[in-house]
Amino acid sequence: MKQPVHFRDLGHMPYKEAWDYQEGLLQEALAVKSVRHTTAAPVDPADLPTKHYLLFVEHPPVYTLGKSGKMDHVLIGNEERSEKGIEFYQTNRGGDITFHGPDQVVGYPILDLEKFYTDIGKYLRALEDVIILTLAGYGINAGRSAGETGVWIDAQVKGRERKICAMGVRCSRWVTMHGFALNVNTDLSYFNHIIPCGIINKKVTSIKEELGREVPMEEVKEYLKENFCKVFDVELVAG
C-alpha cells in the first residue's frame with residue numbers, strides 16, 4: 001500500500017492566508033506526534049496517524065524573504081512596492097528572497113518525513129526531481145546547480161545560468177511546510193526588483209520563456225502531481 005497524500009488545490013489565495021493554512025496542518029501533525037511523549041511504551045513514528053498533504057496555490061504578487069535572506073536583496077522601496085500592488089513577508093522558511101505571483105505554480109507539501117526518511121537534503125533533492133521530470137515532459141533539459149537549491153537550466157554554462165524553480169522549506173519535528181515555486185507563464189519583470197534567492201548575475205526564467213509560448217496551468221499541475229507520486233512513491237487522494 002502506498003502512503004496517501006491529501007491533495008488540495010487552493011486556487012488563488014493571498015500568501016499570508018496560505019501560510020496560516022499550512023501552519024494549521026503542521027500543528028495538527030505535531031499534536032499527533034506529541035502522543036508518543038505521553039505514553040509509557042515507545043511508539044514507532046511510522047505508526048502515528050499523521051496525514052500528508054500536497055497543496056497547490058497561486059498567489060497575488062508577493063516577495064517573501066527566508067530566514068537566511070538579506071534585506072539588501074530587495075531592490076524596491078516600500079512605497080514603490082505598494083504602488084505596484086506587491087506584498088512583502090519575512091517568513092520562517094529557508095532560503096533568501098523570491099517572488100510569488102499569478103501563473104506560477106506554488107506547491108506546499110506538508111509531509112511527515114519520519115514516514116519517509118529523516119534527511120532534509122534528500123527531501124529537497126526529491127522535490128527538485130519532481131520539477132526536473134515535469135520540465136522534461138516539455139522537452140526542457142533542467143537540472144541542479146552545485147550548492148544552490150532549486151532547479152536550473154544551463155547551470156554549468158557561465159552567463160547562461162537561469163533558475164526556473166525556487167525552493168525553500170521549513171521542517172519542525174520532521175514535518176515539512178513551504179516548498180517550491182515553478183515559473184510557468186509568470187511575468188518575470190517582477191524579479192527585476194530583487195536579487196532572486198540572493199544570487200547575483202544569474203537570470204530567472206519560466207516554461208513560457210523557454211518554449212516561446214504559454215502552456216496551460218492545469219496541464220502543468222497534472223504533470224507535477226504525476227511526478228510527485230512517482231518520486232515519493234505515494235498516491236494522491238482528494239481532500
Side-chain angles (χ1 to χ4, degrees), residues 15 56-66 68-76 81 84 86 88 91 93-109 121 123-169 178-217 219-224 227-228 231:
Y15 182 80
F56 281 174
V57 66
E58 282 182 68
H59 294 306
V62 59
Y63 294 129
T64 69
L65 186 68
S68 59
K70 298 179 180 178
M71 284 300 299
D72 291 350
H73 296 157
V74 183
L75 307 178
I76 187 173
R81 180 181 52 74
K84 293 179 180 294
I86 309 171
F88 173 80
T91 77
R93 63 164 172 80
D96 205 289
I97 187 78
T98 196
F99 167 76
H100 297 316
D103 294 316
Q104 179 191 70
V105 179
V106 179
Y108 294 134
Y123 171 62
L124 287 169
R125 302 295 83 75
L127 284 183
E128 290 166 352
D129 283 338
V130 172
I131 306 302
I132 290 168
L133 287 171
T134 298
L135 294 171
Y138 288 97
I140 298 173
N141 183 20
R144 298 179 174 88
S145 178
E148 296 171 331
T149 300
V151 177
W152 297 75
I153 298 172
D154 288 337
Q156 313 308 321
V157 183
K158 190 168 180 60
R160 285 188 51 79
E161 315 98 315
R162 50 207 189 275
K163 195 171 195 175
I164 195 166
C165 182
M167 292 183 182
V169 303
H178 299 295
F180 63 83
L182 174 61
N183 297 327
V184 181
N185 303 312
T186 317
D187 181 350
L188 300 179
S189 68
Y190 284 102
F191 290 95
N192 296 336
H193 304 298
I194 60 174
I195 299 176
C197 304
I199 301 169
I200 300 172
N201 298 327
K202 291 188 180 181
K203 298 178 181 178
V204 174
T205 190
S206 66
I207 296 178
K208 177 183 176 181
E209 182 78 5
E210 295 301 312
L211 298 183
R213 62 177 175 87
E214 289 197 0
V215 294
M217 291 289 286
E219 180 182 85
V220 176
K221 290 177 183 180
E222 288 303 313
Y223 278 133
L224 286 168
N227 290 316
F228 187 89
V231 169

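Nearest heavy atoms, L127 versus F180: CD2-CD2, 4.4 Å. Considering every non-hydrogen atom in both A126 and V231, the closest pair reads O-CG1, 3.5 Å. Between R213 and N185 the shortest heavy-atom distance is O-OD1, 4.4 Å. Taking both residues in full, the closest heavy atoms of N183 and T205 are given as ND2-O, 3.0 Å, listed atom of the first, atom of the second, then distance. Of all the heavy atoms in V106 and H100, the pair that sits closest is CG2-ND1, 3.9 Å. Of all heavy-atom pairs between R144 and W152, the closest is C-CD1, 4.4 Å.
We find the CD-CD1 distance between Q104 and I207 to be 11.0 Å, quoted to the nearest 0.5 Å. Separating the SG atom in C165 from the CG atom in L135 is a distance of 7.5 Å, to the nearest 0.5 Å. Rounding to the nearest 0.5 Å places CZ of R125 at 4.0 Å from CD of E128. In this structure, CD1 on I140 lies 10.5 Å from OG1 on T134, to the nearest 0.5 angstrom. Remark: I153 CD1 to I132 CD1 distance equals 10.5 Å, nearest 0.5 Å. Atom CD1 of I164 and atom CG of D154 lie 11.0 Å apart (nearest 0.5 Å).
With a 4.5 Å cut-off on side-chain heavy atoms, E219 and Y138 count as touching. Inter-residue side-chain proximity for L224 and I131 is flagged as met; some heavy-atom pair is nearer than 4.5 Å. Side-chain contact check for E209 versus T186: every heavy-atom pair is 4.5 Å or farther apart. You'll find the side chain of N192 stays beyond 4.5 Å of the side chain of F99, heavy atoms only. No side-chain heavy atom of E148 sits under 4.5 Å from any side-chain heavy atom of K163. L65 places a side-chain heavy atom less than 4.5 Å from the side chain of D96. For the pair H73 and I194, the minimum side-chain heavy-atom distance is 4.5 Å or more. A heavy-atom distance below 4.5 Å is found between the side chains of R93 and T98.
Using cut-offs of 30° and 60° on the angle between ring planes, the pair H193 and Y63 is perpendicular. Ring pair H178/Y108 is perpendicular by interplanar angle, where above 60° counts as perpendicular and below 30° as parallel.
Applying the 6.0 Å contact sphere to NZ of K221 captures more than 12 heavy atoms from other residues, nucleotides or ligands.
The pair E210-R162 meets the salt-bridge criterion, with a side-chain N (NZ, NE, NH1 or NH2) lying under 4.0 Å from an Asp/Glu carboxylate O.
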